[in-house]
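Labels below follow one simple rule: chain letters A, B, ... track the order of the sequence lines, proteins then strands, and each chain is numbered from 1. Every value quoted in this text rests on a predicted model; they were computed, and no experiment measured them.
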Protein chains: 2
Amino acid sequence: MATEPVPLDRRQRRRLETIEEVLDVAIEVMAEQGVAGLSVGEVARRMGIRPPSLYVYFPSKHALYDALFERGARLLVTQVRTKTADLASRDASMEEILLDAARVFVRWTIEHPAYSQLLFWRPVPGFEPSPSAYAPATELVTLSSERFAAMRDRGLLRTDVSLDVVQRDWTVLIAGVVSQQLANAPDEDFERGRFVAALPAMVAMFARYYGAGPTSVPRRRATRERSRRSDR
Amino acid sequence: MATEPVPLDRRQRRRLETIEEVLDVAIEVMAEQGVAGLSVGEVARRMGIRPPSLYVYFPSKHALYDALFERGARLLVTQVRTKTADLASRDASMEEILLDAARVFVRWTIEHPAYSQLLFWRPVPGFEPSPSAYAPATELVTLSSERFAAMRDRGLLRTDVSLDVVQRDWTVLIAGVVSQQLANAPDEDFERGRFVAALPAMVAMFARYYGAGPTSVPRRRATRERSRRSDR
DNA sequence: GTCTATATGACGATAGAC
DNA sequence: GTCTATCGTCATATAGAC
């Protein structure tokens, strides 16, 4: 008798589809106009609807940014989970594991510059992601930290440095490559990127510095800071 | 007899002072509202004048950004020239020289986040610095390259890698520290910055990798890229 | 050089009819 | 859920009097 057994779900699904479309178009606009150049009116225009209609799905522009932030982080997490090779099973070197992970990560950021700017820079004055939107971004750090913990368990990592420090320095390295590429040569793709090309060397110096074993760390010298008069 | 021997210069000087004030206030606004949040009206408001008056000094908002870009680069160049210790005279190590230079550079960026975002990121959709505004920024690269060239001459640098590559990787490293600090912990100053604290280690791994001598590069292994199925 | 006045338009967001 | 209409605000930029 009921021709539509779940009419509510149908409507909800339609709603979700529209939301996805809004996000797709928003990313498109951001890629062209810059992250801060996103405008509700422009999104509506491209979707063929009027600006007020968007407010049915997003109560404010900030909410739109928030959803974009969360979706970006989710997409990147998925990419890292999916595309990173499971090198733990084989006896891969630290350098192999890290270069693989770095390539997957950096590739995504270069192919999704709009998301990356939103995720890794601070281009929107008033905007800070909500805790729920930030959650998947935290997962990225967790993933990376677990990888380092696993490497330490396998004896690939120096044991005289905390995992937090290793993790921090690793993010600095990756952020440097991404930042330089997106800021100075945003039109180059992953294969041609001049700063992406620095990845192997960066990973090599990192692995040589933080890797365990006598060959990788020949002379363990303290790297504490010195006070120097010249630096103000 | 002539009480004002150079009245034209006086007027010109007054004009230059006003321009300087505009730039000061503009930086102030950018620091609070974000680089993209700069508005001509807000600058005028804080100066106690009307927006049209600003157009006497800057024909457009882009021209204002351009002047800010140039001034930022000039300030940074001056800082690097002035504050960097002349370690070439003494027989300083590569690590000492680089850590000193890095600290001077990074300190300035942390203490001038608005300039830094304008200089090193791309926060303003339509804006690209004019060639003349870009000139002092180029000088920064030249300065750094000359430093590496000097180190090579003194036998501190590996000779099997081009200076361009060394220079590129160095910028990646510094950009990583600055980018992470400004994006993730913009409220921390230079001394307390958690990513600034990564500098000694980053410099150490760089020096160990690119420094000359048998102790710094124990096992010269090729770091060519491998094609791997997992990376898309 | 500074002002008033204004052109011109975009923006985010809301009210209320359908 | 979508629309028209509109509010209120802000923006960049220009014209022309003083």
Side-chain angles (χ1 to χ4, degrees), chain A residues 4 6-23 25-26 28-30 32-69 118 123-128 130, chain B residues 4 7-26 28-30 32-69 118 123-128 130:
Chain A
E4 286 189 27
V6 275
L8 209 86
D9 276 16
R10 250 185 68 88
R11 209 169 67 187
Q12 281 181 348
R13 214 177 56 204
R14 176 91 179 91
R15 181 183 169 84
L16 287 180
E17 282 173 9
T18 307
I19 287 179
E20 291 299 301
E21 190 189 344
V22 172
L23 295 179
V25 175
E28 200 180 297
V29 174
M30 280 166 56
E32 294 171 20
Q33 316 284 340
V35 173
L38 175 64
S39 92
V40 178
E42 181 62 25
V43 173
R45 202 168 300 122
R46 297 193 186 198
M47 290 181 65
I49 63 174
R50 306 296 144 189
S53 303
L54 283 183
Y55 284 82
V56 175
Y57 307 100
F58 296 96
S60 72
K61 193 183 177 183
H62 267 46
L64 181 52
Y65 274 125
D66 213 52
L68 288 167
F69 189 97
L118 183 62
V124 186
F127 169 68
E128 288 232 26
S130 66
Chain B
E4 286 191 26
L8 207 86
D9 277 16
R10 250 185 68 87
R11 209 170 66 186
Q12 281 181 348
R13 213 177 56 203
R14 176 91 177 92
R15 181 184 169 84
L16 287 180
E17 282 173 8
T18 307
I19 287 179
E20 290 300 301
E21 190 188 345
V22 172
L23 295 179
D24 285 337
V25 175
E28 199 179 298
V29 174
M30 279 166 57
E32 294 173 20
Q33 316 283 341
V35 174
L38 174 64
S39 92
V40 178
E42 181 62 25
V43 173
R45 200 167 301 123
R46 298 193 186 197
M47 290 180 66
I49 62 174
R50 305 296 143 190
S53 303
L54 283 183
Y55 284 81
V56 176
Y57 306 100
F58 296 96
S60 72
K61 192 183 176 183
H62 266 45
L64 182 52
Y65 274 126
D66 213 52
L68 288 168
F69 188 99
L118 183 62
V124 187
F127 169 68
E128 288 231 26
S130 66

In whole angstrom, give the distance that lies between atom [atom1] of [X] and atom [atom2] of [N].
| X | N | atom1 | atom2 | answer |
| --- | --- | --- | --- | --- |
| A:E21 | D:dG1 | CD | P | 14 Å |
| B:L54 | D:dA13 | CG | C1' | 12 Å |
| B:E42 | D:dT9 | CD | C1' | 14 Å |
| A:R13 | D:dG1 | CZ | P | 14 Å |
| B:R15 | C:dT2 | CZ | C1' | 13 Å |
| A:R45 | D:dT2 | CZ | P | 18 Å |
| B:R14 | C:dG1 | CZ | C1' | 10 Å |
| A:L64 | C:dG12 | CG | P | 10 Å |

Taking N or O atoms only and anything under 3.5 Å, show me the protein contacts with nucleotides 3-6 of chain C, one pair per line.
residue, atom, partner, partner atom, Å
C:dC3, OP2, B:R50, N, 3.1
C:dC3, OP2, B:S53, OG, 2.6

Query raised in the report: Hey, is CD on B:E32 packed in by over 12 heavy atoms from elsewhere, all under 6.0 Å?
Result: yes

Query raised in the report: Is the number of heavy atoms from other residues, nucleotides or ligands within 6.0 Å of CD (A:E20) greater than 12?
Result: yes

Query raised in the report: Which nucleotide in the set D:dT2, C:dA13, D:dA13 lies at the smallest distance from any side-chain heavy atom of A:K61?
Result: C:dA13

Categorize [X] for me: base, sugar-phosphate, or nothing, with a 4.0 angstrom heavy-atom threshold over every strand shown.
| X | result |
| --- | --- |
| B:T18 | nothing |
| B:F58 | nothing |
| A:V56 | base |

Report task. Using a 4.5 Å cut-off on heavy atoms from C-beta on, say whether the side chain of A:E42 contacts that of A:Q33. Result -> no

Requested in this report: Please test B:R15 against B:R11 for side chain to side chain contact (heavy atoms under 4.5 Å, CB included), starting from the C-alpha separation and ending with a verdict.
Outcome: CA-CA 6 Å; B:R15 181 184 169 84; B:R11 209 170 66 186; over 6 Å; no

**Report entry** With B:Y57, the side chain to side chain contact (heavy atoms under 4.5 Å, CB included) member among B:T18, B:L23, B:L16
**Finding:** B:T18

Query - Worked verdict on B:F58 versus B:D66 for side chain to side chain contact (heavy atoms under 4.5 Å, CB included) - result: CA-CA 10 Å; B:F58 296 96; B:D66 213 52; over 6 Å; no

Query raised in the report: Does OP1 or OP2 of C:dG16 have a side-chain N or O of A:Y55 closer than 4.0 Å?
Result: no

Query raised in the report: Which residue lies toward the 5' end of DNA chain C, A:P59 or A:G37, if each is placed at its nearest nucleotide?
Result: A:G37

Report task. Under the side chain to side chain contact (heavy atoms under 4.5 Å, CB included) rule, what do B:V124 and B:L38 come out as? Steps first, then yes or no, please. Result -> CA-CA 10 Å; B:V124 187; B:L38 174 64; over 6 Å; no

